[in-house]
Amino acid sequence: MHAFRSHTCGQLRKTDVGETAKLSGWVHRKREHANALFIDLRDHYGISQIVVYPNEAFYESAKRCPSESVITVTGEVLARDAEAVNTELDTGEVELRAQTFLIESQADPLPLPVFGEQEYPEEIRLKHRYLDLRRETLHNNIILRGQVINSLRSRMIAQGFTEFQTPILTASSPEGARDFLVPSRLNPGKFYALPQAPQQFKQLLMVAGFDRYFQIAPCFRDEDARADRSPGEFYQLDVEMSFVTQEDVFQAIEPVMAGVFEEFANGRKVETPFPRIPYKESMAKYGSDKPDLRIPFELTDVSEFFTDESKTGFGIFAKITNGGGKVIAIPAPGATDSQSRKFFDSLDKWAKKEMQAPGLGYARLRKEDGAVVSQDPALKNFDPELLKALLDKMGLGAGDGVFFSAGKKAAAYKLAGAARNKVAKELGLIPEGVFKFCWVIDYPMYEWDEDNNTIDFSHNPFSMPQAPEGKSAMDVLLEADTDEKKLDILAYQYDIVCNGVELSSGAIRNHKADVMYKAFEIAGYGPEVVEDKFAGMINAFKFGAPPHGGIAPGVDRIVMLLAGTETIRDVILFPMNGNAQDLMMNAPAEVDQSALKELNIKTVAPIPKD
RNA sequence: GCGGGUGUAGCUCAGUUGGUUAGAGCGCUGGCCUGUCACGCCAGAGGCCGCGGGUUCGAGUCCCGUCACUCGCGCCA
């Protein structure tokens with residue numbers, strides 16, 4: 001018989017009754033009864049019940065064996081009596097009567113109980129990740145992750161893509177995030193950067209004629225964490241294709257995404273085809289370029305209703321709208337009927353505290369003398385006809401509520417978009433069990449940089465500017481002789497979004513060197529910047545570059561959506577905490593002076609705050 | 001960098017307007033129980049109330065500071 005097991009803990013069935021079996025695993029739970037000790041023995045595959053009778057020499061040792069110790073048990077497979085069958089377990093019709101009992105590895109008292117679905121503090125979970133990973137939910141999430149990646153790979157390969165491995169030690173890449181730097185021993189004073197994405201490499205692969213590239217690519221960005229953004233590193237399904245239009249990229253990727261989501265949906269619906277929403281429309285309707293389409297209501301620009309203070313009796317919004325600002329209405333269907341005043345006040349408080357906004361106005365709508373009115377400040381003194389027009393435009397009536405986000409255009413929409421998500425969540429208006437995707441398209445090429453009062457790239461500087469029939473991208477750039485015209489230029493730049501989670505950006509790339517120089521010139525960068533920062537790529541484009549484009553959906557976020565978890569850490573094996581520290585491995589850490597000396601590096605004390 | 005929340009037993013939490021010896025459940029230890037499977041019953045151990053300062057006759061509770069974790073803003077095209 002094998003040294004450790006003849007079967008796994010999830011394997012034994014009624015057909016094995018009478019056989020001698022050997023199982024190894026972790027002591028999951030113990031139950032001592034008057035005349036028998038029951039042990040739930042767990043491994044990766046399942047749980048089997050071990051029964052130990054008091055006449056066995058090892059009874060005391062088994063009884064004292066701490067939870068999560070690893071043991072090996074040999075014994076006879078017994079059928080359970082009908083009333084003793086556990087229908088919850090696949091192995092519940094049988095049990096193993098222990099005849100030998102060996103503790104392979106005894107466990108100390110646990111900092112983190114494995115049994116049960118109790119929530120535990122992040123700090124302890126991360127420090128003892130190997131224990132947390134034994135727990136069912138996390139264990140299953142990680143298995144799911146492996147299956148999803150496998151599915152993505154096969155779907156890409158089936159479409160004629162080839163997987164490539166691009167360098168990890170490379171030069172600073174053009175993505176715009178902070179780089180992780182790696183000092184070079186052989187080149188004193190110089191540094192590699194870890195790739196923020198294999199962007200230039202995949203474009204170079206197109207120049208090299210490989211036509212269809214993909215990679216489950218590790219990416220490194222030194223930016224602060226969020227619930228859906230792991231600090232430091234993440235994986236994306238990096239894709240690039242030659243001789244394609246934007247539509248070709250959509251046709252290639254949409255079936256992959258829809259397919260993998262359907263494969264692991266587990267009863268949840270995936271709506272296809274994915275709607276396409278222009279960026280401008282997305283901002284207007286949802287206040288965001290990552291709209292959650294599950295939410296059954298949209299934003300409305302109601303600025304025009306608030307401009308005349310003599311008709312609204314509400315000076316603040318009049319001042320804002322007359323000063324070029326916006327008032328954006330967020331409906332709260334049924335909230336006046338279903339919620340107390342506290343609900344409305346708490347959203348205002350949330351806007352002030354969490355969003356660091358001036359506030360969120362609200363109005364509760366009730367029927368009085370046949371008309372729908374509100375006694376809350378924003379609408380209280382409204383001209384009746386104007387109020388009716390406002391409510392008609394938004395389709396609101398008695399029993400509903402409405403919130404108002406007011407301020408400069410960008411800030412007003414940003415708060416409104418966040419409020420739309422918040423209101424829908426609190427009112428329980430986000431349906432579970434459905435994945436609603438969309439493509440957000442037609443991103444602007446440039447945006448106004450408020451801080452520096454200049455025009456800058458709004459997204460990826462390597463996107464191809466859109467040009468109408470008969471005109472070239474170069475024509476479009478040359479004709480944009482005012483800031484206004486420059487800001488109107490659209491790019492072949494797109495995002496794919498699912499349930500309000502941004503899965504990926506992508507673009508048809510700018511493969512023409514002259515157009516690239518011109519595009520950078522508009523954003524205020526001379527040719528030397530292009531040549532210095534993006535040397536590898538721009539030089540390659542001078543030797544015959546195919547038109548190409550691609551996309552890079554985030555693997556962690558895909559798994560997160562499929563696993564239904566709130567934080568991205570729940571689909572990552574060994575995540576770092578919010579301060580980008582690995583509490584288990586103790587990283588980052590100081591290193592020996594000798595190592596620094598070899599790298600020609602001296603550290604200095606951190607500059608004290610003020 | 002900024003803001004919110006949290007911090008009480010190994011873990012999840014309760015702890016009233018400041019008032020005697022800070023509690024419960026889970027876990028742990030010991031005992032009991034003829035079959036449990038979140039077993040049940042009895043008993044026990046376990047606390048710098050995050051840390052530092054202050055107010056007060058008296059602080060888990062109030063004030064100031066600080067640290068940690070977390071959520072968000074900035075940042076991440």
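By convention in this document, chain letters (A, B, ...) are assigned in the order of the sequence lines, proteins followed by strands, and residues within each chain are numbered from 1.
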Could you check whether [X] gets within reach of a base, just the sugar-phosphate, or nothing at all, counting any heavy atom under 4.0 Å?
X	result
A:Asn577	sugar-phosphate
A:Gln493	nothing
A:Ile47	nothing
A:Ser458	sugar-phosphate
A:Lys414	sugar-phosphate
A:Gln49	base
A:Pro111	sugar-phosphate
A:Phe457	nothing
A:Ala227	sugar-phosphate

Could you walk me through whether A:His511 and A:Phe541 satisfy the ring-ring contact (aromatic ring centres under 6.0 Å, His included) test, starting with their C-alpha distance in whole Å, then the side-chain angles of each, then the deciding distance to 0.1 Å, before giving a yes or no? CA-CA 6 Å; A:His511 67 285; A:Phe541 285 177; 7.2 Å; no
Rounded to the nearest 0.5 Å, how far apart are CD of A:Glu93 and CZ of A:Arg80? 9.5 Å
[N] versus [M] - spacing of their [atom1] atoms, nearest Å:
N	M	atom1	value
B:G60	B:U16	P	12 Å
B:G50	B:C67	C1'	8 Å
B:U6	B:U12	C1'	14 Å
B:C2	B:C75	P	16 Å
B:G19	B:A43	C1'	32 Å
B:C62	B:U17	C1'	12 Å
B:G47	B:A24	C1'	15 Å
B:U70	B:C33	P	48 Å

Intra- and inter-strand pairing of RNA chain B, written as dot-bracket with Watson-Crick and G-U pairs under 3.5 Å and | for the latter, reads (((((((..((((.....[...)))).(((((.......))))).....(((((..]....))))))))))))....
Let me know, please, whether A:Ala225 or A:Leu583 comes out on the 5' side of the other along RNA chain B by nearest nucleotide. A:Leu583
Find which nucleotide of RNA chain B each of A:Arg178 and A:Gln581 is nearest to by heavy atoms, and output the residue with the more 5' nucleotide. A:Gln581
Between B:C11 and A:Arg125, counting only base atoms on the nucleotide and side-chain atoms on the residue, is there a donor-acceptor pair under 3.5 Å? no
Taking donor-acceptor contacts at under 3.5 Å, does the side chain of A:Arg569 reach the base of B:U70? no
Might you list the N or O atoms of the protein lying below 3.5 Å from N or O atoms in nucleotides 4-9 of chain B, with each pair's distance?
none

Atom-pair distance (CD on A:Glu123; P on B:C71), nearest Å: 13 Å
Between A:Arg31 and B:U36, is there a contact of a side-chain N or O with OP1 or OP2 at under 4.0 Å? no
Do the side-chain N or O atoms of A:Asn579 get closer than 4.0 angstrom to the phosphate oxygens (OP1, OP2) of B:C69? yes
Lys/Arg N to Asp/Glu carboxylate O, A:Lys342 vs A:Asp345, below 4.0 Å: no
Pair A:Asp179 + A:Arg221: basic N to acidic O under 4.0 Å: no
Begin from the C-alpha positions of A:Arg97 and A:Glu76 and carry the test salt bridge (charged side-chain N to carboxylate O under 4.0 Å, His left out) through to its verdict. CA-CA 5 Å; A:Arg97 182 169 68 82; A:Glu76 189 188 352; 3.7 Å; yes
Is a side-chain N or O of A:Lys30 found less than 3.5 angstrom from the main chain of A:Cys65, in a donor-acceptor match? yes
When you measure from the centre of the six-membered ring of A:Tyr120, is the NZ or CZ of A:Arg125 under 6.0 Å away and within 45° of the axis? no
Closest listed nucleotide, where the reference is the side chain of A:Arg80 and the choices are B:U36, B:U70, B:C73: B:U36
From the candidates B:U36, B:C76, B:C73, the one with an atom nearest any side-chain atom of A:Met355 is B:C73
Using the rule given for salt bridge (charged side-chain N to carboxylate O under 4.0 Å, His left out), can you reason through A:Glu32 versus A:Lys63, listing the C-alpha separation, both sets of side-chain angles and the distance that settles it, and then say yes or no? CA-CA 8 Å; A:Glu32 191 197 10; A:Lys63 179 180 159 181; 3.4 Å; yes
Ring centres of A:Tyr279 and A:Tyr494 under 6.0 Å apart? no
Relative to the ring of A:Tyr525, is the ring of A:Phe457 parallel (under 30°), tilted (30 to 60°) or perpendicular (over 60°)? parallel
Any chance you could lay out the salt bridge (charged side-chain N to carboxylate O under 4.0 Å, His left out) test for A:Lys290 and A:Glu502, step after step, and finish with the verdict? CA-CA 6 Å; A:Lys290 43 178 183 172; A:Glu502 180 191 325; 5.5 Å; no
Using nucleotides 26-31 of chain B, report all nitrogen or oxygen pairs with the protein that are shorter than 3.5 Å.
from  : atom 1 : to      : atom 2 : distance (Å)
B:G27 : OP1    : A:Arg29 : NH1    : 3.4
B:G30 : OP1    : A:Arg64 : NH1    : 2.9
B:G30 : OP2    : A:Arg64 : NH1    : 3.0
B:G31 : OP2    : A:Arg64 : NH2    : 3.4

